[in-house]
Student: 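Here's a structure for you.
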Amino acid sequence: MANNNKLRYRTVYAFAREMYPKTVKSDISYGTAGFRTRATDLSYVMYRMGLLAVLRARYKNAAIGVMITASHNPEPDNGVKLVDPMGEMLEQSWEKWATKLANVTDDKLENVMNDIINEYKIENMNDRPEVLIGKDTRPSSPSLAKAVVDGVLALGGKPIDYGIVTTPQLHYFVVCKNTHRAYGQPTEEGYYKKLTGAFKKVRGQNFNNGNYTNRVLYDGANGVGAKKVKYLREGLEGSLLVDMYNDEIIGSGKLNYLCGADFVKSQQKFPTGLPQDPNLRCCSVDGDADRIVYYYLDEDKKFHLLDGDRIATLIAGYLKEVLEKTSIDLNLGLVQTAYANGASTDYITNELKVPVACVSTGVKHLHHKALEYDIGVYFEANGHGTVVFKDSAKKRLKDALQTNNLSDEQKEATDKLLNIIDIINEAVGDAISDMLLVETILHSRGWSIKEWESAYADLPNKLLKVTVENRAVITTTDAERKCLTPDGLQREIDSIVSKYPKGRSFVRPSGTEDVVRVYAEASTKQDCDRLAAEVARKVFELAGGTGTPPEIPQ
Ligand code: 16G
Ligand code: MG
């Protein structure tokens with residue numbers, strides 16, 4: 001064994017030195033969604049993540065995923081994240097090992113690997129675990145994928161290259177593998193079949209209903225989300241007509257450019273490339289298709305956004321209703337972050353009467369919390385989200401169908417809920433699956449996009465960035481809603497907020513950019529802009545702002 005390890009390490013080191021030497025001096029860290037930086041700086045990081053994936057797979061005795069993508073970021077960037085056995089993001093306690101392994105010099109690689117092996121008592125170093133690898137459409141992705149493959153091979157793992165897939169597809173394949181196909185077939189075809197099969201069943205023969213029409217305009221962000229919907233459409237067989245826009249894929253240089261979910265949500269603007277006719281139901285996904293937002297232009301060309309909060313409330317309200325019809329006693333909860341619009345939280349709590357939890361930013365936190373409910377719906381305002389069902393909840397629904405003492409209504413609702421579960425990618429938020437779910441609910445309700453929007457009115461909100469010398473001076477608590485340091489900042493924020501009706505504001509250091517983010521909402525746009533600026537100014541003053549201080553509108 002020791003000898004084997006020695007031999008293996010020789011290979012690991014030779015590969016590292018010859019093919020993937022560490023070319024960048026400065027350190028990088030495994031952030032909210034893995035490593036992300038310029039693609040040209042990532043080869044050695046990819047190779048090392050191949051190594052880490054094998055160690056993690058041996059430790060968990062399960063298949064692990066590696067996804068190469070920089071999501072909504074510009075085309076010259078890239079990134080990598082690991083996917084844990086049940087589709088979750090890499091367990092947080094391993095993030096520090098990922099960071100260490102990425103930053104160590106080539107000649108010390110062996111030491112860090114030994115540290116990991118000792119820390120986790122990994123003894124099965126001769127196992128050949130599977131590492132599933134996926135990549136987005138970036139031109140840099142193929143060579144970076146090869147680096148991951150080489151890392152996996154160097155340490156004796158078995159790489160399975162899925163080629164170009166969406167992030168949620170890769171998560172799905174990992175879950176399928178590790179549940180021995182109980183969750184589905186670990187192939188692209190299996191993925192489309194499962195989702196579209198369930199979708200068509202729920203939709204039935206009437207493709208339209210009331211004010212709902214079965215056509216949606218789809219902005220593919222010139223990325224993998226565009227490529228994959230082409231296959232999805234075949235499976236849908238006309239039950240849903242997905243009109244594709246922004247589908248120039250590899251090498252166009254247009255990935256996420258003036259389009260895609262991040263552009264639409266953060267700029268609050270209609271994307272380029274779509275027809276601007278009024279009242280058309282449109283949606284945009286991001287560069288790796290794990291986020292989606294809906295929107296439309298009204299008769300006056302005014303832009304209306306239906307973001308992750310709207311999707312969450314639509315889903316939670318509907319699932320609650322279907323669940324009540326089944327008469328099966330399962331608890332349903334919704335998980336949001338501090339970025340959720342206050343109006344959505346009010347609506348969920350007071351109208352839908354669904355319990356709401358608030359957690360820190362980042363999919364892993366939401367997903368984790370949602371697992372506490374029998375049925376957990378989670379969404380970030382930016383459009384990341386899905387629904388997760390406890391195994392015990394699924395079993396109770398299935399068992400209930402087997403008994404013969406359900407009324408027709410109960411039976412229909414239970415059957416519907418079970419089919420809806422199959423439309424959902426529970427492994428992680430999935431733009432394509434979320435779109436099918438939203439379309440299913442709108443169809444079932446007979447709603448146009450305007451009717452969906454009329455549930456509640458968003459409070460005006462604003463997001464600002466402040467650059468400071470060291471953003472780590474800002475620390476937060478209470479799901480990022482309050483800051484602990486620097487001293488006195490929270491007191492100042494409280495006093496500013498108290499001047500504005502329905503005012504709310506919080507600040508947090510970004511996990512992906514070197515900035516501090518400031519969120520504010522208030523009852524009018526003017527108040528909201530002022531509130532955001534006043535808070536940003538305080539951050540600038542108390543947290544070591546750099547550049548020009550934020551201006552406060554008069
Ligand atoms: C990452 C997260 C996203 C979060 C965002 C916040 C995942 C897969 N992605 O993109 O959920 O909203 O970071 O970015 O977890 P920020 O920390 O820069 O505000
Ligand atoms: Mg993404």
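Indexing begins at 1, ligand by ligand and atom by atom, following the structure's order.
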Student: Show which atoms of ligand 1 fall inside a sub-4.0 Å distance from at least one heavy-atom site of Glu380.
Tutor: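 Near Glu380, meaning under 4.0 Å from one of its heavy atoms, ligand 1 has 3 (C), 4 (C), 11 (O), 12 (O).
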Student: When you compare the side chains of Asp430 and Tyr191, does any donor N or O come within less than 3.5 Å of an acceptor on the partner?
Tutor: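 Per modelled atom types, Asp430 and Tyr191 side chains form a pair under 3.5 Å.
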Student: Of the choices Arg517, Arg36, Glu480, which has the non-hydrogen atom that lies closest to atom 10 (O) of ligand 1?
Tutor: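 Nearest heavy atom to atom 10 (O) of ligand 1 lies in Arg36.
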Student: Check ligand 1 against Thr361 and write out every atom of the ligand that is under 4.0 Å from a heavy-atom position of the residue.
Tutor: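 This gives 4 (C), 6 (C), 12 (O) as the contact atoms.
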Student: With heavy-atom distances below 4.0 Å as the criterion, list the atoms of ligand 1 near His384.
Tutor: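 Heavy-atom distances to His384 below 4.0 Å select 3 (C), 9 (N), 11 (O).
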Student: Among Thr167, Asp262, Asp286, which residue satisfies the side chain to side chain donor-acceptor pair (under 3.5 Å) criterion with Arg291?
Tutor: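 Exactly one candidate clears the test, Asp262.
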Student: Which residue supplies the protein heavy atom nearest to atom 15 (O) of ligand 1, what is that atom called, and how far is it?
Tutor: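 Scanning the protein heavy atoms, the shortest distance from atom 15 (O) of ligand 1 goes to Val363 N, 3.1 Å.
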Student: Is there a donor-acceptor contact under 3.5 Å linking the side chains of Thr337 and Glu480?
Tutor: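 The criterion, which ignores hydrogens and geometry beyond distance, is not satisfied for Glu480 and Thr337.
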Student: Check all N, O or S atoms of Asp290 and name the one closest to the Mg ion (ligand 2).
Tutor: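 Of the nitrogen, oxygen and sulfur atoms in Asp290, the Mg ion (ligand 2) lies nearest to OD1.
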Student: Of Tyr296, Tyr294, Trp452, Phe270, which meets ring pair (Phe, Tyr, Trp, His ring centres under 6.0 Å) against His304?
Tutor: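 The passing option is Tyr296.
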Student: Any N/O/S atom of Ser71 sitting less than 2.8 Å from the Mg ion (ligand 2), backbone or side chain?
Tutor: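 Here the distance criterion (N, O or S atom, under 2.8 Å) is met by Ser71, so yes.
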Student: For Glu75 and Lys254, run salt bridge (Lys or Arg N to Asp or Glu O under 4.0 Å): C-alpha distance rounded to whole Å, both residues' side-chain angles, the deciding distance at 0.1 Å, then the answer.
Tutor: CA-CA 7 Å; Glu75 192 159 310; Lys254 292 184 179 170; over 6 Å; no
Student: Between Glu189 and Thr187, is any side-chain donor less than 3.5 angstrom from a side-chain acceptor?
Tutor: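 No, no side-chain donor-acceptor pair sits under 3.5 Å.
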Student: Of the options Lys81, Lys227, Arg138, Arg36, which is the one that meets Asp288 in a salt bridge (Lys or Arg N to Asp or Glu O under 4.0 Å)?
Tutor: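 By the salt bridge (Lys or Arg N to Asp or Glu O under 4.0 Å) criterion, Asp288 pairs with just one of Lys81, Lys227, Arg138, Arg36: Lys81.
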Student: Measure from the Mg ion (ligand 2) to every N/O/S atom of Asp286 and report the name of the nearest one.
Tutor: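 Among the N, O or S atoms of Asp286, the one closest to the Mg ion (ligand 2) is OD2.
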Student: Suppose we measure from atom 13 (O) of ligand 1 to each protein heavy atom; which comes out shortest, and what is that distance?
Tutor: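 It is Thr512 CG2, 3.6 Å.
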Student: Apply the side chain to side chain donor-acceptor pair (under 3.5 Å) test between Tyr378 and each candidate in Lys369, Gln336, His365, His367; give the one that qualifies.
Tutor: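 Checked Lys369, Gln336, His365, His367 against Tyr378; only one passes side chain to side chain donor-acceptor pair (under 3.5 Å): His367.
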Student: Looking only at distances, can you tell me whether any N or O atom of Ser510, backbone or side chain, sits closer than 3.5 Å to an N or O atom of ligand 1?
Tutor: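 Right, the criterion is met.
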Student: Closest to the Mg ion (ligand 2), which N/O/S atom of Asp288 is it?
Tutor: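 Output for this pair reads OD1.
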Student: Go through ligand 1 atom by atom and flag the ones less than 4.0 Å from a non-hydrogen atom of Arg508.
Tutor: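 Matching atoms, with element in brackets: 16 (P), 17 (O), 19 (O).
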Student: Please identify which atoms of ligand 1 are closer than 4.0 Å to at least one heavy atom of Asn382.
Tutor: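 Listed by number with element, the hits are 12 (O).
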Student: Ignoring hydrogens and angles, state whether a donor on the side chain of Arg508 or Tyr339 is under 3.5 Å from an acceptor on the partner side chain.
Tutor: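 A pair is found: one side chain offers a donor N or O, the other an acceptor, under 3.5 Å apart.
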Student: Using a strict 4.0 Å cut-off to heavy atoms of Met89, name the atoms of ligand 1 that fall inside it.
Tutor: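 Under 4.0 Å from Met89, ligand 1 has these atoms: 8 (C).
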Student: Looking only at protein heavy atoms, identify the closest one to atom 2 (C) of ligand 1 and say how far it is in Å.
Tutor: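 The closest one turns out to be Thr32 CG2, 4.0 Å.
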Student: Is it true that the side chains of Asn425 and Thr386 contain a donor and an acceptor less than 3.5 Å apart?
Tutor: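 Short answer, no.
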Student: Closer than 4.0 Å to some heavy atom of Ala33 - which atoms of ligand 1 meet that?
Tutor: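 By the 4.0 Å cutoff, the relevant atoms are 7 (C), 8 (C), 9 (N).
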